[in-house]
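One structure below.
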Number of protein chains: 2
Amino acid sequence: MDHSGILKNISKHISLTKAECDHFISLLEFKKIPAKQLLLNAGEICKHSSYVISGCLRGYMVDKDGFEHVLNFAPQDWWIGDMQSMINQVPGNLNIEALFETEVLMLSKEHQENLYLKIPKFERFFRIITEKSLIAYQQRLMDNLSLTAHDRYLKFCSTYPTLINTIPQKQIAAYIGVTPEFLSKLKAKYLKEH
Amino acid sequence: MDHSGILKNISKHISLTKAECDHFISLLEFKKIPAKQLLLNAGEICKHSSYVISGCLRGYMVDKDGFEHVLNFAPQDWWIGDMQSMINQVPGNLNIEALFETEVLMLSKEHQENLYLKIPKFERFFRIITEKSLIAYQQRLMDNLSLTAHDRYLKFCSTYPTLINTIPQKQIAAYIGVTPEFLSKLKAKYLKEH
DNA sequence: TTAATTTCTTAATCTAGATTAAGAGTTTTT
DNA sequence: AAAAACTCTTAATCTAGATTAAGAAATTAA
């Protein structure tokens with residue numbers, strides 16, 4: 001098992017000794033999720049944060065009319081989980097699905113809490129990535145209130161450049177907040193080259 | 001100066017000794033902002049997190065057509081700041097304005113960083129409130145993608161019950177993402193009693 | 001490989017919410 | 001207290017994006 005990716009990800013924000021790295025790695029659980037299979041079901045209590053080694057996950061909710069809305073994508077090197085469910089330890093509304101075969105390293109909430117006590121630098125690490133995530137959601141919310149669907153599509157492309165041609169268009173539509181039909185129309189009209 | 005409110009707010013998540021409380025309080029700067037005056041201007045680098053003692057602030061952005069979009073309100077007992085600007089120390093897009101005369105306690109980024117080192121429990125405190133904030137923005141984003149303007153108005157009412165009749169309607173419209181005219185129409189049609 | 005399923009496109013029609021405009025309240029300024 | 005400046009409402013018209021429908025492409029399953 002190659003842990004260099006996750007360690008490099010962490011070293012962007014905190015410095016760990018060899019022993020701390022080893023301890024951290026011992027807490028991780030490897031999992032391979034086949035394409036289209038769920039890593040988390042809405043209704044479950046989320047018990048892990050997951051780091052994507054390869055492949056791609058998407059977190060989505062289903063509204064009362066059965067329409068899916070994509071909260072986030074997690075390609076290689078991103079963390080994902082149902083924060084609402086995990087923090088409050090209540091059943092969540094989020095489904096997390098593999099768009100194709102995906103490998104993850106999972107850190108349980110319990111291990112994460114212990115890690116904060118044993119190696120307080122991890123409290124800093126998760127504070128920092130939570131702050132960065134918060135900033136991204138604040139910006140996306142403002143974008144949803146102020147930009148046209150066309151401009152939101154362009155923003156999607158710059159946020160997730162690796163996904164533009166690898167995931168189904170309807171997933172992009174469910175992320176930017178339009179119907180697949182309308183995104184198709186937009187692309188035909190303005191976005192020939194993407 | 002009465003610091004009982006902010007200490008009670010902090011004690012919801014971490015326990016401090018008397019000395020730690022005193023140290024923390026010594027770092028805070030009191031400020032009174034007159035109604036309609038800005039605490040932060042877009043274009044400035046945000047240098048403080050502010051805790052509202054009394055009154056109410058709103059954080060908003062102005063889009064390319066001059067329309068305002070409200071990111072958040074901060075009534076009594078809430079924290080506010082331009083996270084994007086503060087964390088990256090770059091000029092921000094957020095204006096923070098007092099809706100009426102408002103009293104705040106401001107913690108500078110510099111003091112906040114030192115506090116993490118001197119009293120690591122504060123790293124935990126800010127991790128926790130950042131997580132809660134993240135969850136709220138994720139939910140609001142999903143609400144914006146899945147709910148009608150009418151349902152978003154009702155959600156606003158439950159999130160900020162104290163503001164329904166105290167702030168201008170147009171500010172609520174700029175928060176839920178509709179024009180003031182449309183909110184007025186909605187209220188006339190469905191929301192007689194609110 | 002064929003059939004079945006899923007995804008994408010095009011096009012006609014429809015609607016939630018925007019825009020424009022103008023009058024009525026309300027608050028603030030002088 | 002009058003004038004100026006906001007804020008709210010109502011109503012007509014307009015539009016970005018939804019809905020419905022149906023065929024074409026592409027994937028997946030058998």
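Here is the naming used below: chain letters follow the sequence lines, and residue numbers restart at 1 for every chain. No experiment lies behind these values; they were computed from the predicted model shown.
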Donor-acceptor pair between A:Asp143 and A:Gln139 side chains, under 3.5 angstrom | yes

From C:dG17, D:dT10, C:dT9, pick the nucleotide closest to the side chain of B:Glu181?
-> D:dT10

So which nucleotide from C:dA18, C:dA11, D:dC8 ends up closest to the side chain of B:Pro168?
-> D:dC8

Considering heavy-atom distances to DNA chain C, does B:Ala149 or A:Ile167 have its closest nucleotide positioned more toward the 5' end?
-> A:Ile167

Fellow cluster residues of A:Ile10, listed by chain then number, with links counted only when side-chain atoms sit under 4.5 Å apart | A:Met1, A:Ile6, A:Leu7, A:Ile14, A:Leu16, A:Phe24, A:Ile25, A:Leu27, A:Leu28, A:Phe30, A:Tyr51, A:Ile53, A:Trp79, A:Leu105, A:Leu107, A:Leu115, A:Tyr116, A:Ile119, A:Phe122, A:Phe125, A:Phe126, A:Ile129

Whole-Å distance separating the CD1 atom of B:Ile172 from the P atom of D:dT7 | 13 Å

Mind calculating the distance between CG (A:Leu186) and P (D:dG17) to the nearest angstrom?
-> 7 Å

In terms of side-chain heavy atoms of B:Lys170, which of D:dT7, C:dT19, D:dA16 is nearest?
-> D:dT7

Between C:dT9, C:dT28, C:dG17, which nucleotide gets closest to the side-chain atoms of B:Lys36?
-> C:dT28

Nucleotide of D:dA16, C:dG17, C:dT10 approaching A:Ser184 most closely (side-chain heavy atoms) | C:dT10

Distance check: side-chain N/O of A:Arg152 vs OP1/OP2 of D:dA16, anything under 4.0 Å?
-> no

Taking atom P of C:dG17 as reference, at what distance in whole Å does atom CG of B:Asn144 sit?
-> 11 Å

Heavy atoms, side chains only, cut-off 4.5 Å: are B:Leu145 and A:Phe67 in contact?
-> no

Between C:dA18 and B:Thr179, is there an OP1 or OP2 to side-chain N/O distance shorter than 4.0 Å?
-> yes

Rounded interatomic separation in angstrom, taking OH from A:Tyr153 and C1' from D:dA16 | 19 Å

Nearest-Å distance for atom pair CG/P, residues B:Leu145 and D:dA18 | 11 Å

Please state how far atom CZ in B:Phe182 lies from atom P in D:dA11, giving the value in whole angstrom units.
-> 15 Å

A:Glu97 atom CD is separated from C:dT6 atom P, nearest whole Å, by 12 Å

Please determine if a side-chain N or O atom of B:Gln171 lies less than 4.0 Å away from the OP1 or OP2 oxygen of D:dT7.
-> no

So which of B:Tyr175, B:Trp78, B:Phe100 actually passes ring pair (Phe, Tyr, Trp, His ring centres under 6.0 Å) with B:Phe73?
-> B:Tyr175

Is there a side chain to side chain contact (heavy atoms under 4.5 Å, CB included) between A:Arg124 and B:Leu117 once you walk through the steps?
-> CA-CA 10 Å; A:Arg124 165 167 293 241; B:Leu117 303 176; 3.9 Å; yes

A:Phe67 CZ to C:dA16 C1', in whole Å, measures 15 Å

